[in-house]
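Data block below; observations after.
None of these values were measured; they are calculated from a predicted model.
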Amino acid sequence: MALAKEIMGISLLEKSSSFMNSSSMALFNPNNYHKENHLWFNQQFQGRRNLSRRKAFRQSTMAAISENLIKVVPEKAVKFKVRAVVTVRNKNKEDLKETIVKHLDAFTDKIGRNVTLELISTDMDPNTKGPKKSNQAVLKDWSKKSNLKTERVNYTAEFIVDSNFGNPGAITVTNKHQQEFFLESITIEGFACGPVHFPCNSWVQPKKDHPGKRIFFSNQPYLPDETPAGLKSLRERELRDLRGDGKGVRKLSDRIYDYDIYNDLGNPDKGIDFARPKLGGDDNVPYPRRCRTGRVPTDTDISAESRVEKPNPTYVPRDEQFEESKMNTFSTSRLKAVLHNLIPSLMASISSNNHDFKGFSDIDSLYSKGLLLKLGLQDEVLKKLPLPKVVSSIKEGDLLKYDTPKILSKDKFAWLRDDEFARQAIAGVNPVSIEKLQVFPPVSKLDPEIYGPQESALKEEHILGHLNGMTVQEALDANKLFIVDHHDVYLPFLDRINALDGRKAYATRTIFFLSDVGTLKPIAIELSLPQTGPSSRSKRVVTPPVCATGNWTWQIAKAHVCANDAGVHQLVNHWLRTHASLEPFILAAHRQLSAMHPIYKLLDPHMRYTLEINGLARQSLINADGVIEACFTPGRYCMEISAAAYKNWRFDLEGLPADLIRRGMAVPDSTQPHGLKLLIEDYPYAADGLMIWGAIESWVRDYVNHYYPSSAQVCSDRELQAWYAETINVGHVDLRNEEWWPTLATPEDLISILTTLIWLASAQHAALNFGQYPYGGYVPNRPPLMRRLIPDENDPEYAVFLADPQKYFFSALPSLLQATKFMAVVDTLSTHSPDEEYLGERHQPSTWTGDAEIVEAFYKFSAEIGRIEKEIDERNADTKLKNRCGAGVLPYELLAPSSGPGVTCRGVPNSVSI
């Protein structure tokens, strides 16, 4: 009986009768139903794939009913009312112009300059040869509700439709106001199928600026070949609109996704020092593509795009821009960065001797006092700095102080210890560079004709005393030796880097030994410089100290390793392998996958804000003279190092299991939970990461198998194939001919590609990003650049080093200005905004898709993420796991899925959003 009621729509009628007129009630009377509405009901279940027995039973029942009904010819279509509930999100803060225009819109709304909606059926109209449409309905009470201060405002509109209208599949929206508004969702009530949800989450522009109607589709997913007839042309039109024509300068209100090369990092109009090579294209510097802005070229170089400097916004499609709470977080952090940059400048201007930290107490005072208080200048500076309203909730004193980084929270001197230096290679902010040492001594892959002998200066005698009685070969065979090798990345650039003012670097290799308790210890550091002549001594090896002088030499050598690691982490593993390499996949998804495509719906939360944060990075982080060049050792050559690394980037090895096997950190083992055995069992990043990888893969497998039961569906899905082909042939065009690109021909291929993308956007990025301030905010632990080499006994500086090694050590670290600038930036980058959406969460979790089985599968995934979080907490309390639990040891929480706002050193957002 309950099933029959559900089929007949009676339960909905009981809820919805309040806004139905009397004539429409006749339509829904079960006695009259046979005559007039069998075709409409038949449509309810068309094109939906149902794999469960419950749904199969409902379908068979429906088919039986429909078979009887189909013989009856409808006498006459009856008109009835349906209602739209339209949710609009208000801005929290408006400037004066926005307030005035808002009031103007409220006034003109009464006289016809309003917001109109039109309902579009999934069925075709045999008379017009187009989809069936409702009347134009006006959004009610806009003027009355315009002053509401709530975050969301619900408006209503009423449509009149025929009983043979079919299912609503799309809505068009026309905004005749002067100002855009943010449309969150629309729910249509009154159809017998129940409420129909339209997740919108988009800015609707005024008709005067964007004449076309905006199209929004219901949450029912359709593969391209299953698109109902009434929606086919709209599906294609919406994608055409999003692609644009590749011409002209983009307006900030546009929603156009297109590609360009990285020709916007330099500003040659400011002088030769600000010119930078173009990345990507015909200049033999391969690189992924970015979002096209269409800005005009510079005056000096026609192939370089002119720049937009902050605070002016750079173009990204309108719906990719930060929402208000995210922007507020970012603006507050930016103000803090401005203040922190101003203070050292003031301080340096007071005394020319204040360029370097004098000692550890100077660094400590950044967290405890704030520099202005220390100098007695706080009141004087605050008078000159009218603080914007955005930071009114922050205490003025706090703006001038840095939070104590987490690395100091449990043991202030942990960073000095060798075991902590080694632990951070597997549980710090860059746990993806360490590799198993395959041969000893290690060998370079660089061309010996250009860069000299490939052999390392490391010898067996350097490490033999640190192997617990093993020979080197025995240690290699027992998987006890590991390496962080930054030799080949840096050596080609060292001549240029070391010619820069205030920059000094080596190409480094660090050898680690795995102890019997599962911890690592560094046993040798090789420091290489380019050969200046056949007999020049270009390489040296530093080993753990046995005397006071050796201790300071060892500390400076470790600092050089950390600075190199910071550069590789930021330029290669973080920026290139998550931010830049994902951008083409995101651009292609918007251009080739309809919003109603199930794979678009799956990827949607994992693409949020990435184009915006990448645009902001090009504007002020990775640009000429930007923060990255100012704060990292390679200086103006930073992005060239990133581009050199892209030549070795391989999408097929970017998934976690493949990456661990590539680095020799794991071996395939079918008896293990994830098919892998870790060589270092207590490898926190890998151990936690494999749990998350497994959960993502399981969720993606459920999702893909639901829509693609066989390879035929994968191969015939033209949108899916166009997305993947465009990503490779346009977005990653410089590597399009590589043979390693995975094929996309089976459901298993698709599962692998999507799991890798979601892993990179969520967990991999989180592991590499949100520990930047907790570990790097204390500069001696992880200096982003070095200014001095280790002096030889014959160097004039050697006497200075011997006389005051601490002073020499601090003179080798970043200056006060460089350090505070870096700290302010990584503080911003490590911050979660209040509107962050974490792995296992979705906006509108029960209505983002109209497929009940998929909603159920998502809740299962969400529950598994919650279980993983509990297991991570248990691991962090397990004293047997010495790399994440022990006296003064930081727990490894970078892959713990949830977090509150702020700098928390934990939390896995769905997307690359900062």
Side-chain angles (χ1 to χ4, degrees), residues 406-407 409-438 440 462-484 510-525 543-546 551 554-555 558 561-562 565 660 663-667 669 671-674 676-691 767 771 775 781 871-896:
K406 198 169 183 182
I407 184 65
S409 63
K410 296 188 81 172
D411 181 349
K412 191 175 175 182
F413 301 107
W415 66 275
L416 276 164
R417 296 197 315 266
D418 286 357
D419 63 288
E420 177 61 21
F421 170 78
R423 190 192 73 84
Q424 289 183 30
I426 53 174
V429 73
N430 185 35
V432 298
S433 285
I434 191 168
E435 302 172 281
K436 181 195 170 207
L437 186 60
Q438 304 290 352
F440 187 89
H462 289 128
I463 64 171
L464 210 48
H466 302 283
L467 304 181
N468 286 6
M470 291 180 170
T471 66
V472 172
Q473 193 56 50
E474 285 171 338
L476 284 170
D477 294 343
N479 299 325
K480 291 283 192 178
L481 290 175
F482 296 85
I483 185 171
V484 171
T510 310
I511 309 294
F512 297 94
F513 179 74
L514 180 64
S515 73
D516 293 339
V517 294
T519 57
L520 292 169
K521 63 177 180 180
I523 57 175
I525 295 172
T543 53
V546 292
N551 180 63
W554 180 244
Q555 291 298 344
K558 287 197 299 181
V561 170
C562 287
D565 196 62
L660 291 170
R663 292 189 282 120
M665 299 301 291
V667 290
D669 184 343
T671 66
Q672 296 293 316
H674 303 285
L676 292 179
K677 178 175 169 45
L678 293 174
L679 267 54
I680 302 175
E681 194 176 328
D682 181 18
Y683 181 0
Y685 157 78
D688 295 358
L690 284 170
M691 287 197 297
Y775 282 100
N781 175 59
E871 186 160 339
I872 289 172
D873 291 341
E874 288 168 11
R875 289 176 176 182
N876 284 327
D878 186 348
T879 53
K880 295 194 293 292
L881 302 177
K882 299 188 186 304
N883 292 316
R884 61 197 306 161
C885 181
V889 175
L890 291 184
Y892 186 74
E893 297 180 308
L894 285 167
L895 289 174

Do [X] and [Y] have side chains that approach each other closer than 4.5 Å (heavy atoms only, starting at C-beta)?
| X | Y | value |
| --- | --- | --- |
| L660 | L690 | yes |
| N479 | V667 | no |
| L894 | Y685 | no |
| F513 | L481 | yes |
| D516 | K480 | yes |
| E420 | I407 | yes |
| N430 | Y775 | no |
| Y892 | L881 | no |

Where the side chain of R875 meets the backbone of A687, is there a donor-acceptor pair that is under 3.5 Å apart? yes
Could you tell me whether a side-chain N or O of N883 sits under 3.5 Å from a main-chain N or O of G518, the two making a donor and an acceptor? yes
Would you check if there is a donor-acceptor pair between the side chains of N876 and R884 at a distance under 3.5 Å? yes
Would you say Q424 and D565 are linked by a side-chain donor-acceptor pair, where the criterion is simply a distance under 3.5 Å? no
I'd like to check the side chain to side chain contact (heavy atoms under 4.5 Å, CB included) partners of V546; sequence neighbours left out, ordered by chain and number. none
So with a 6.0 Å cut-off around CD of Q672, is the heavy-atom count from everything else above 12? yes
So for atom NZ, which belongs to K412, do other residues, nucleotides or ligands contribute more than 12 heavy atoms lying within a distance under 6.0 Å? no
Salt bridge D418-K558, side-chain N to carboxylate O under 4.0 Å: yes
Roughly how far, to the nearest 0.5 Å, is [atom2] of [Y] from [atom1] of [X]?
| X | Y | atom1 | atom2 | result |
| --- | --- | --- | --- | --- |
| F421 | L520 | CZ | CG | 11.0 Å |
| I511 | T543 | CD1 | OG1 | 12.5 Å |
| T471 | L464 | OG1 | CG | 7.5 Å |
| D669 | L676 | CG | CG | 8.5 Å |
| L895 | E893 | CG | CD | 11.0 Å |
| I463 | F440 | CD1 | CZ | 3.5 Å |

Heavy-atom closest contact ([X] atom, [Y] atom, distance):
| X | Y | result |
| --- | --- | --- |
| A425 | V484 | CB-CG2, 4.4 Å |
| P522 | P544 | O-CG, 3.6 Å |
| C885 | A877 | SG-C, 3.9 Å |

Check step by step if salt bridge (charged side-chain N to carboxylate O under 4.0 Å, His left out) holds for K882 and D419. CA-CA 10 Å; K882 299 188 186 304; D419 63 288; over 6 Å; no
F512 and L437: side-chain contact (heavy atoms from CB on, under 4.5 Å), yes or no, with the steps? CA-CA 9 Å; F512 297 94; L437 186 60; over 6 Å; no
Take R423 and L890 through the test side-chain contact (heavy atoms from CB on, under 4.5 Å) and record every step on the way to the result. CA-CA 10 Å; R423 190 192 73 84; L890 291 184; 3.8 Å; yes
Using side-chain contact (heavy atoms from CB on, under 4.5 Å), reason through M691 and I872 one step at a time and then give a plain yes or no. CA-CA 10 Å; M691 287 197 297; I872 289 172; 3.8 Å; yes
Derivation and outcome, side-chain contact (heavy atoms from CB on, under 4.5 Å), residues R663 and I434: CA-CA 7 Å; R663 292 189 282 120; I434 191 168; 3.8 Å; yes
